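Because the structure is predicted, anything quoted here is derived from the model rather than measured. All residue numbers in this chain count up from 1 along the given sequence.
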Amino acid sequence: MKKKGTAVEALTEEQLEELQGALAAESDALDEEMAAHGKESGGMWTGSSESEGEEADPTDAADNIEELATNVPLVGEMQTRKKEIDAALKRMEKGTYGVCEVCNEPIPFDRLEANAAARTCVQHA
């Protein structure tokens, strides 16, 4: 994973493995959460409700609308986070992980530990 001449050198192999594990675990958890609150279609997730598509009485219809109002933005946020995680894993593969995209300085480990998908240092967040 380490490439000579990149900021990845600022992270130890152990730290990089820890962060990669954290990213993978969060990605798996997001997949489960999105499946619980939405449905996938063509690689994209959208919020859904359990009774979607069923004939419902007015009370069930209201519950369905309320569930959709909660799940649609929730799934959207989870999908955005999943994309951030996927991008971080790709940066690891390319050897550019842990480098601030603004100042090109190494991102401190404690920042990455708090948000393993961080693209910038705290100063540029």
Side-chain angles (χ1 to χ4, degrees):
M1 289 246 179
K2 285 189 177 185
K3 289 190 177 183
K4 193 169 176 122
T6 66
V8 173
E9 291 177 342
L11 297 171
T12 67
E13 192 66 37
E14 184 177 286
Q15 289 171 326
L16 200 54
E17 287 174 11
E18 177 184 332
L19 294 167
Q20 186 176 29
L23 287 166
E26 186 177 355
S27 178
D28 291 345
L30 283 169
D31 285 340
E32 290 178 21
E33 283 293 312
M34 286 190 290
H37 297 284
K39 61 183 178 182
E40 186 178 17
S41 176
M44 297 294 290
W45 284 90
T46 184
S48 67
S49 70
E50 287 184 31
S51 61
E52 189 173 318
E54 296 177 11
E55 281 293 321
D57 66 40
T59 303
D60 290 340
D63 290 344
N64 187 33
I65 290 168
E66 185 177 341
E67 190 174 5
L68 282 170
T70 300
N71 288 346
V72 170
L74 177 65
V75 170
E77 289 173 19
M78 288 188 281
Q79 188 164 328
T80 297
R81 180 63 182 170
K82 174 87 166 145
K83 287 178 183 178
E84 292 170 354
I85 290 168
D86 291 345
L89 291 168
K90 285 180 183 168
R91 288 192 305 275
M92 281 183 173
E93 289 174 11
K94 291 169 40 178
T96 58
Y97 178 79
V99 179
C100 177
E101 292 182 355
V102 176
C103 66
N104 291 319
E105 293 295 320
I107 300 172
F109 177 69
D110 59 343
R111 164 114 168 107
L112 292 170
E113 198 171 33
N115 176 10
R119 298 168 64 157
T120 61
C121 64
V122 174
Q123 181 180 357
H124 295 110

Can you tell me how far the [atom1] atom of [X] sits from the [atom2] atom of [Y], to the nearest 0.5 Å?
X	Y	atom1	atom2	answer
L30	I85	CG	CD1	5.0 Å
L11	Q20	CG	CD	12.0 Å
K82	T80	NZ	OG1	13.0 Å
K90	T96	NZ	OG1	12.0 Å
D110	N115	CG	CG	12.0 Å
D31	M78	CG	CE	10.5 Å

Checklist entry - Just wondering, do E13 and E17 contact through their side chains at under 4.5 Å, heavy atoms? => result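 Yes - at least one pair of side-chain heavy atoms lies under 4.5 Å apart.
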
Checklist entry - Between L112 and Y97, is any pair of side-chain heavy atoms under 4.5 Å apart? => result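 Of all side-chain heavy-atom pairs linking Y97 with L112, at least one is under 4.5 Å.
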
Checklist entry - Within the distance-only criterion (no hydrogens, no angle test), does the side chain of S27 pair as donor or acceptor with the backbone N or O of L23 below 3.5 angstrom? => result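 No, the answer is negative, given that no donor and acceptor are paired below the 3.5 Å cut-off.
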
Validation: residues 116-125 side-chain donor-acceptor distances under 3.5 Å, sequence neighbours left out:
unit_1 : atom_1 : unit_2 : atom_2 : d
R119   : NE     : E101   : OE1    : 3.0
R119   : NE     : E101   : OE2    : 3.1
R119   : NH2    : E101   : OE1    : 3.0
R119   : NH2    : E101   : OE2    : 3.4

Checklist entry - Going by an N to O cut-off under 4.0 Å, is there a salt bridge joining R81 and E84? => result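 Yes, R81 and E84 are salt-bridged.
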
